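All of these numbers come straight from a predicted model, not from anything done at the bench. Order of the sequence lines fixes the chain letters, A, B, ..., with proteins taken first and strands second; residue numbering starts at 1 for each chain.
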2 protein chains.
Amino acid sequence: MVTRKEVAELAGVSEATVSRVFNGLGPMKPATKERVLEAAKQLNYHPNAIAQSFARRRSGNLGVVLPYMPKVHLFSAFYFSEILSGIGEQVREQGYDMLLSLLTPDESLDYTRLYRSQKVDACVILGSRDTPQQRESLMQLQAQGLPFCLVNQSFEGLSFHEVDADHVEGSYRAVRHLQEEGYRKIAFLNGSPQYSNSGDRLQGYMKAMSEAGLEVPPELLLEGNYSRKSGYEAASGLWEHRDQVEAVFAANDRMAIGLMQGLRERGWIAGRDFAIIGCDDSDAAKLSDPPLSSINVPFYEMGKEAARSVLAGLLHGGGTKDTRIKLPTSLVVRQSSRAVIINDS
Amino acid sequence: MVTRKEVAELAGVSEATVSRVFNGLGPMKPATKERVLEAAKQLNYHPNAIAQSFARRRSGNLGVVLPYMPKVHLFSAFYFSEILSGIGEQVREQGYDMLLSLLTPDESLDYTRLYRSQKVDACVILGSRDTPQQRESLMQLQAQGLPFCLVNQSFEGLSFHEVDADHVEGSYRAVRHLQEEGYRKIAFLNGSPQYSNSGDRLQGYMKAMSEAGLEVPPELLLEGNYSRKSGYEAASGLWEHRDQVEAVFAANDRMAIGLMQGLRERGWIAGRDFAIIGCDDSDAAKLSDPPLSSINVPFYEMGKEAARSVLAGLLHGGGTKDTRIKLPTSLVVRQSSRAVIINDS
DNA sequence: TTGTAGGCGTTATCAG
DNA sequence: CTGATAACGCCTACAA
C-alpha cells in the first residue's frame with residue numbers, strides 16, 4: 001500500500017502538507033496542492049481509513065443494531081430493509097460507514113460493548129423492546145454518555161433519543177376511516193405490549209372508538225405477536241364473536257394477512273364479509289388478496305432521520321438532547337377496507 | 001478510555017505482557033496472567049479495536065455489498081435479510097464485523113475503493129448482475145488479488161469465487177412436479193437475463209420439458225424483471241394464450257404472485273384454473289392466496305458459506321481458489337400447484 | 001504557506 | 001517467561 005510518505009516525497013513536500021491537501025485544511029498555494037494531487041494520482045494513493053480513525057480517535061462507523069432471531073419472524077424483512085436503506089443513505093452523505101450488529105435479544109444484552117472496542121462512534125438501535133434487560137442496557141448507555149438513537153420504540157418513564165412514527169394518529173385515522181365507511185363493530189388485533197407502538201396503536205384505536213361513541217367490549221380486543229401465524233391463530237377467537245365484528249384494524253400487515261387467511265378458511269373474505277386495515281404498508285400489503293389497506297409508516301425516513309440526528313449529536317460535542325421525533329403516517333386505502341356489503345344486521 | 005499502559009502499571013508488568021495475556025500468546029506464569037486480568041477488570045479495560053486493526057494491518061471487517069436502488073423492488077427484502085443473517089452468524093463466529101455498503105449499481109462501480117480505505121479485509125457481494133461495468137469491476141478486483149465472494153451470481157466465461165444455489169436442478173424439479181401432477185402445457189415466467197440464475201432456471205425448465213417430450217412454443221416463454229409488477233403485467237400476455245397454458249413456473253415468488261393477481265382479475269384462480277410454482281420460498285409465498293408452492297433456496301446458508309469461505313481464504317494467505325459452490329434447493333408444495341381440475345381439454 | 005515532531009494504542013521482534 | 005522498543009499511517013499543534 002502506498003502511503004502518505006511516498007506521496008510527499010514524490011511531490012517534494014512534507015507529509016503534513018499531503019494531509020492538508022487531502023483534508024482541505026488551512027490555506028495553501030494552489031500549485032502545491034496541484035503537485036500533491038498529481039503525485040497521489042500517479043501513485044494511486046488513498047488514505048488509510050484505519051490509520052485515520054486511529055489518529056482521530058473515532059471510527060467513522062455508525063453501529064446499527066438489529067435483533068437477531070433466526071426462524072422467528074416477528075419483524076418483516078421489509079421493515080428493516082427500509083430503515084437500513086434510510087440509514088445507509090444518510091450515512092453515505094456524511095462520509096460514515098455502517099457497522100451491522102446482529103444481537104440476540106436474550107443474550108445478556110450489553111450495548112456498551114459495541115462502543116468499548118471503539119469500532120463505532122454511535123449507534124442506531126432497531127427492534128428493541130421494553131424488557132427489564134433492555135431498559136437496563138439503555139440506561140447504562142445513557143449514563144455513560146454514549147450516543148445512540150432508538151427507532152420505533154420508546155420507554156415509558158425514560159427519555160431517550162428516539163425517532164418514531166405517529167402511531168397514535170395513524171391508528172386513529174385507520175379506525176376513523178372504517179367508521180366513515182359505515183362500520184361500527186371494529187375489532188383491534190394488537191401486537192406484543194413490549195413494543196411501545198402497540199400501546200400507541202391501542203390509544204389511537206380507543207380514541208377513535210370513544211369519539212364515535214362506540215363501545216369496545218373485550219371480545220373486540222385481540223392480541224398477537226406481530227407474526228403472520230399469530231394473526232392466523234387470532235382468527236378462531238374472532239370467529240367465535242363474528243356477529244360482533246364488521247371490521248378489523250390490525251397492528252401490522254403480517255398479522256392482518258394471517259387473520260385474513262384464517263377467516264378465509266371459514267368462508268369469511270376480507271373486503272366482502274368484513275373490512276380490514278393493516279399497518280406498515282409493507283410489500284406484503286400489495287401482495288395479499290385482496291390488497292390490504294394499511295397505514296404507511298415512513299421507515300426509510302425514520303432510518304435516515306435517526307442516523308442524521310445521532311451523527312449530528314457527535315459533531316456538537318455529544319450534546320445530544322434526548323428528544324423524541326415523531327414522523328407522520330398516512331392511510332393507504334386498498335380493497336380490503338372498501339365497503340362492499342355492510343352486514344350491519 | 002483506559003489503555004494497556006494503565007493496566008500494565010496497575011498489574012506491575014510491562015505493556016507487552018498485557019498484550020500477551022489478552023491475545024493468549026506465549027507461555028506465561030499463571031500468577032502474572034491473573035494479576036493482569038485482575039487489573040484489567042478493575043480498570044474496565046478493553047482493547048481498542050481500531051488500534052489493533054491499525055497495528056495488525058487488517059480491519060477485522062467483512063464488507064457486504066448490497067445493490068441500492070430505492071423505490072425499485074427487484075429483490076425482495078426477504079432475500080437480503082436471509083443472506084445477511086447467514087453472513088452475520090458466520091462473521092460473529094469468526095470474530096469479524098460486518099461493514100455494510102449500499103452501492104448504486106449504475107454509479108461508476110468501483111469495488112476496489114472499498115478495499116483501498118482498508119476498512120474491509122474482504123467482501124461478500126450480493127445482487128450483482130452481468131453487465132459490462134460489473135464484469136470490469138470484478139475482474140479488476142480479481143486482478144488485484146482482493147478477496148471477495150459473489151452470492152447467487154456467476155459470470156459466463158469468468159471464474160470467480162462464488163456461492164450459488166442449484167437453480168438448474170431446482171427448476172427442473174419444479175417443472176417435473178407440475179408434470180407429475182398431470183400438467184403438460186407449462187409456461188415459464190423468467191426474470192432478467194442479467195442474473196445468471198435466470199439462465200440456470202431456463203436450463204432446468206427446458207431440460208424437464210424436453211425430457212418429458214413436451215414442446216415449448218414461444219408463447220410459453222415469458223420474461224419479467226423479478227418485480228411483482230412485472231409478473232402482474234405478464235398476465236395479459238399469458239391470458240392471450242390461455243388455451244395453451246395449464247401451469248406456470250415463475251422464476252421468483254414475487255413475479256408468481258403478481259401473475260396470480262393479474263390472472264385472478266381475469267377470473268383465473270391459481271390452484272383451481274391453473275397451477276403455479278414460484279421460486280425462493282420467501283415469506284410472500286406463505287402470505288399469498290392460495291399459498292404458493294415454491295423452490296426453497298437456502299439463502300441463509302449461502303450467506304453463511306460465502307462469509308465462511310471468503311474469510312477462510314484470508315487466513316490461508318489469500319490463496320482463495322475461485323471455486324463455485326452450489327447449494328441444493330428443494331421443492332415446497334403448497335396449494336397453488338395442487339391439481340384440482342386439470343383442464344386438459 | 002509549509003515543515004517538524006509528538007502522539008494515537010497496539011503488535012511483533014529481539015533480547016535477556 | 002518477560003521487558004524494551006521499533007514500527008504502523010496519519011493528525012495536529014507549534015514553529016518557522
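Computed from coordinates, the B:Ile50 CD1 to C:dT10 P distance equals 12 Å when rounded to whole Å. Rounded to a whole Å, the CZ atom of B:Arg20 is 14 Å from the P atom of C:dC14. Between A:Arg4 atom CZ and C:dA5 atom P the separation is 14 Å, expressed in whole Å. Rounded to whole Å, the distance from CZ on B:Phe22 to P on C:dA12 is 16 Å. The interatomic distance linking B:Glu15 (CD) with C:dA12 (C1') rounds to 14 Å, in whole Å. For the pair A:Glu9 CD and C:dG3 P, the interatomic distance rounds to 13 Å; values are reported in whole Å. The separation between A:Arg56 atom CZ and C:dG9 atom P is 16 Å, rounded to whole Å. Distance, B:Gln52 CD to C:dG9 P: 13 Å, rounded to whole Å.
A salt bridge links A:Glu93 to A:Lys304: at least one charged side-chain nitrogen sits closer than 4.0 Å to a carboxylate oxygen.
Ring centroid separation for the pair A:Tyr45 and A:Phe22 comes in under the 6.0 Å cut-off. Aromatic pair A:Phe148/A:Phe160: centroids less than 6.0 angstrom apart.
Side-chain contact annotation: A:Ser59 with A:Asp121, donor-acceptor N/O pair under 3.5 Å present.
Dashed line: the shortest gap from a side-chain N or O of A:Thr17 to OP1 or OP2 of C:dG3 is under 4.0 Å.
Contacts between chain B and DNA chain D, taken as any atom within less than 4.0 angstrom of a protein heavy atom, begin and end at D:dC1 to D:dG9.
Projected onto DNA chain D by closest heavy-atom contact, B:Thr32 and B:Ala55 fall at different nucleotides, the more 5' of which corresponds to B:Thr32.
Nucleic acid contact for B:Val13: sugar-phosphate only, since backbone atoms but no base atoms lie under 4.0 Å from a heavy atom of the residue. Among the protein residues, A:Tyr45 comes within range of the sugar-phosphate backbone only, with heavy atoms under 4.0 Å from sugar or phosphate atoms but none that close to a base.
Between atom CE of residue B:Met1 and atom CG of residue B:Leu43 there is a gap of 11.5 Å, rounded to the nearest 0.5 Å. Rounding to the nearest 0.5 Å gives a distance of 3.5 Å between OH of A:Tyr79 and CG of A:Asn152.
Screening B:Gln134, B:Arg129, B:Arg135, B:Gln133 for a side-chain hydrogen bond (donor to acceptor under 3.5 Å, both in side chains) involving B:Thr131 leaves a single residue, B:Gln133.
Here the side chain of A:Ala16 is nearest to one of C:dT4, C:dT1, C:dT10, namely C:dT4.
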